[in-house]
*Asks:* 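The structure is given below, and queries will be raised subsequently.
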Amino acid sequence: MLSIHSIMATALACLAFSVVPVTATTYSMVKEYYGSTFFDDWTFYNYYDNLTNGDVVYVSAQNATAYQLAYLDTSTDHASSKYLVFTNSFHQVVYDNKRNSVRITSNDSFGVGSLWIADIYHTPYGCSVWPAWWSQAALWPQGGEIDTFEGINTNTQNQMSLHTETGCTAVSQNQTSTLVTSTNCSYASNEDQGCIVTDPSTNSYGAGFASSGGGAFVTEMASTGINIWFFSRSEIPSSLSNNDSTIDTSTFGTPVANWPSTGCNITEFFQPQKLIFDITLCGGICYNNWVMGNGTDYDNAYFEVASVRVFSTEGTNTV
């Protein structure tokens with residue numbers, strides 16, 4: 001995820017670039033987070049946000065259930081069950097306290113040669129809200145980080161990025177987005193800004209995402225490069241909407257974000273990744289105006305997730 005200093009920077013650079021082809025690959029499913037067992041294979045952080053200095057306390061699995069911060073919602077009329085992971089928007093927070101929230105990390109890790117898909121109906125948004133769907137290796141920054149989805153405050157577009165050790169850069173990107181903020185992925189550069197690509201679609205985050213029924217985020221971590229696709233609900237390919245057991249990325253078209261191996265040796269800079277959902281607040285810059293009080297400003301600060309499915313080229317890329 002971004003550093004606090006990077007969040008406060010809002011300028012985007014639109015860069016022109018040459019391209020190299022994105023290699024199509026066929027993957028087979030190795031893991032599915034879905035149904036009544038969705039939360040069984042995740043670890044709840046159960047500590048205050050000492051990672052990004054957000055104004056939240058990440059609660060335990062027991063308290064997440066007790067406070068209804070993470071639960072199975074069977075009340076929707078959608079075709080599949082949903083899971084809500086959201087910031088506590090109904091309890092009073094007084095000065096010097098933090099608001100309860102949830103951060104969950106997959107128990108399994110997934111190596112190079114993996115692809116994961118998050119089918120999401122709603123992402124958290126609003127003033128001071130800082131949600132993410134991302135992945136990270138056990139050792140950071142040595143094993144790298146992939147931010148598939150990151151929303152910031154009142155932004156209306158999703159921000160994607162990589163964070164690595166020094167030596168990984170974005171060059172010759174073959175992607176649909178022209179909104180490239182930075183190309184140096186090193187955590188040691190630009191206060192850990194990472195190499196950022198922004199989705200030009202306002203359906204990729206916030207109220208626009210919710211009103212269009214959400215969509216599917218696809219992340220591919222291949223030896224040839226890292227790719228992210230986003231499909232709004234009405235544009236999701238049939239292989240995803242039908243929950244096929246195999247995925248052929250040639251049917252996806254050009255990704256919205258691409259970091260080819262020509263500038264970043266994926267097998268050198270990325271180790272097996274754990275998948276993470278989290279919602280934090282502020283990052284230390286808006287506590288008095290937003291975090292304190294009864295929390296009604298956070299009515300939209302929740303994830304509504306249908307499923308997470310992981311695929312592998314080998315069928316065994318689970319650690």
Side-chain angles (χ1 to χ4, degrees), residues 1-2 4 7 33-76 81-109 118 120-136 138 140 145 147-153 274-308:
M1 295 177 69
L2 287 176
I4 302 306
I7 288 176
Y33 303 89
Y34 174 80
S36 60
T37 60
F38 179 89
F39 289 109
D40 290 357
D41 287 330
W42 305 81
T43 296
F44 286 71
Y45 191 62
N46 194 27
Y47 203 61
Y48 75 94
D49 182 5
N50 61 334
L51 305 173
T52 55
N53 297 317
D55 291 308
V56 301
V57 174
Y58 294 124
V59 299
S60 66
Q62 180 179 1
N63 284 339
T65 300
Y67 303 154
Q68 287 197 303
L69 294 180
Y71 64 92
L72 170 65
D73 180 11
T74 59
S75 66
T76 67
S81 299
K82 307 299 183 306
Y83 310 90
L84 302 187
V85 181
F86 63 96
T87 298
N88 190 339
S89 63
F90 50 79
H91 81 286
Q92 188 78 19
V93 171
V94 298
Y95 180 76
D96 214 26
N97 287 354
K98 296 179 183 290
R99 194 165 289 280
N100 290 334
S101 188
V102 171
R103 172 179 167 137
I104 56 174
T105 302
S106 65
N107 295 334
D108 291 324
S109 299
I120 304 176
Y121 280 87
H122 189 283
T123 57
Y125 67 92
C127 285
S128 80
V129 180
W130 182 9
W133 159 240
W134 57 297
S135 68
Q136 187 179 56
W140 189 94
E145 171 186 334
D147 297 337
T148 298
F149 163 81
E150 186 167 12
I152 302 169
N153 202 16
K274 288 183 178 290
L275 311 180
I276 303 170
F277 282 103
D278 76 69
I279 310 169
T280 193
L281 302 173
C282 286
I285 58 175
C286 60
Y287 178 83
N288 289 344
N289 291 335
W290 292 101
V291 178
M292 291 172 59
N294 61 20
T296 55
D297 291 320
Y298 296 122
D299 287 346
N300 283 306
Y302 66 90
F303 277 108
E304 185 175 349
V305 182
S307 64
V308 173

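In this chain, numbering begins with 1 at the start of the sequence shown.
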*Asks:* For a quick test of reading the model, state the closest non-hydrogen atom pair linking C282 to V291 and the distance between them.
*Replies:* SG-CG2, 3.6 Å
*Asks:* Donor-acceptor check, side chain of N153 to backbone of S128, threshold 3.5 angstrom: yes or no?
*Replies:* yes
*Asks:* Less than 3.5 Å apart, any donor N or O on the side chain of T43 or N107 sitting next to an acceptor on the other?
*Replies:* yes
*Asks:* Tell me if the centroids of the rings in Y33 and W42 come within less than 6.0 Å of each other.
*Replies:* yes
*Asks:* Roughly how far apart are R99 CZ and L281 CG, rounded to 0.5 Å?
*Replies:* 7.5 Å
*Asks:* Which pair of heavy atoms, one from L72 and one from S36, lies closest together, and at what distance?
*Replies:* CD2-CA, 4.4 Å
*Asks:* Roughly how far, to the nearest 0.5 Å, is OG of S60 from CG of L69?
*Replies:* 10.0 Å
*Asks:* Could you state the interatomic distance from CD1 (I279) to OG1 (T123), rounded to the nearest 0.5 Å?
*Replies:* 9.5 Å
*Asks:* Mind listing the closest non-hydrogen atom pair of G54 and T280 along with its distance?
*Replies:* CA-OG1, 3.1 Å
*Asks:* For a side-chain contact (heavy atoms from CB on, under 4.5 Å) with V129, tell me which candidate from W290, Y298, Y302 qualifies.
*Replies:* Y298
*Asks:* Within the side chain of S307, is there an N or O that forms a donor-acceptor pair under 3.5 Å with the backbone of Y34?
*Replies:* no
*Asks:* Test of understanding: with side-chain hydrogen bond (donor to acceptor under 3.5 Å, both in side chains), list the residues that count as partners of N63, not counting sequence neighbours.
*Replies:* none
*Asks:* Between atom CG of D49 and atom NZ of K98, what is the distance when rounded to the nearest 0.5 Å?
*Replies:* 7.5 Å
*Asks:* What's the separation between atom CD1 in I104 and atom CZ in F44, rounded to the nearest 0.5 Å?
*Replies:* 5.5 Å
*Asks:* Test side chain to side chain contact (heavy atoms under 4.5 Å, CB included) on F39 and T65 and set out the steps.
*Replies:* CA-CA 11 Å; F39 289 109; T65 300; over 6 Å; no
*Asks:* Measure the OG1-CG distance between T52 and D278 for me, rounded to the nearest 0.5 Å.
*Replies:* 6.5 Å
*Asks:* State which residues pass ring-ring contact (aromatic ring centres under 6.0 Å, His included) with Y45; sequence neighbours excluded, sorted by chain then number.
*Replies:* Y58
*Asks:* With sequence neighbours left out, write down each residue that passes side-chain hydrogen bond (donor to acceptor under 3.5 Å, both in side chains) with N97, or none if nothing qualifies.
*Replies:* none
*Asks:* What are the two closest heavy atoms between L275 and S135, and how far apart are they?
*Replies:* CD2-CB, 4.0 Å
*Asks:* For a quick test of reading the model, state the closest non-hydrogen atom pair linking F303 to I120 and the distance between them.
*Replies:* CD2-CG2, 4.4 Å
*Asks:* Which heavy-atom pair separates N300 from H122 by the least distance, and what is that distance?
*Replies:* O-CE1, 3.1 Å
*Asks:* With a 4.5 Å cut-off on side-chain heavy atoms, are F149 and P131 touching?
*Replies:* yes
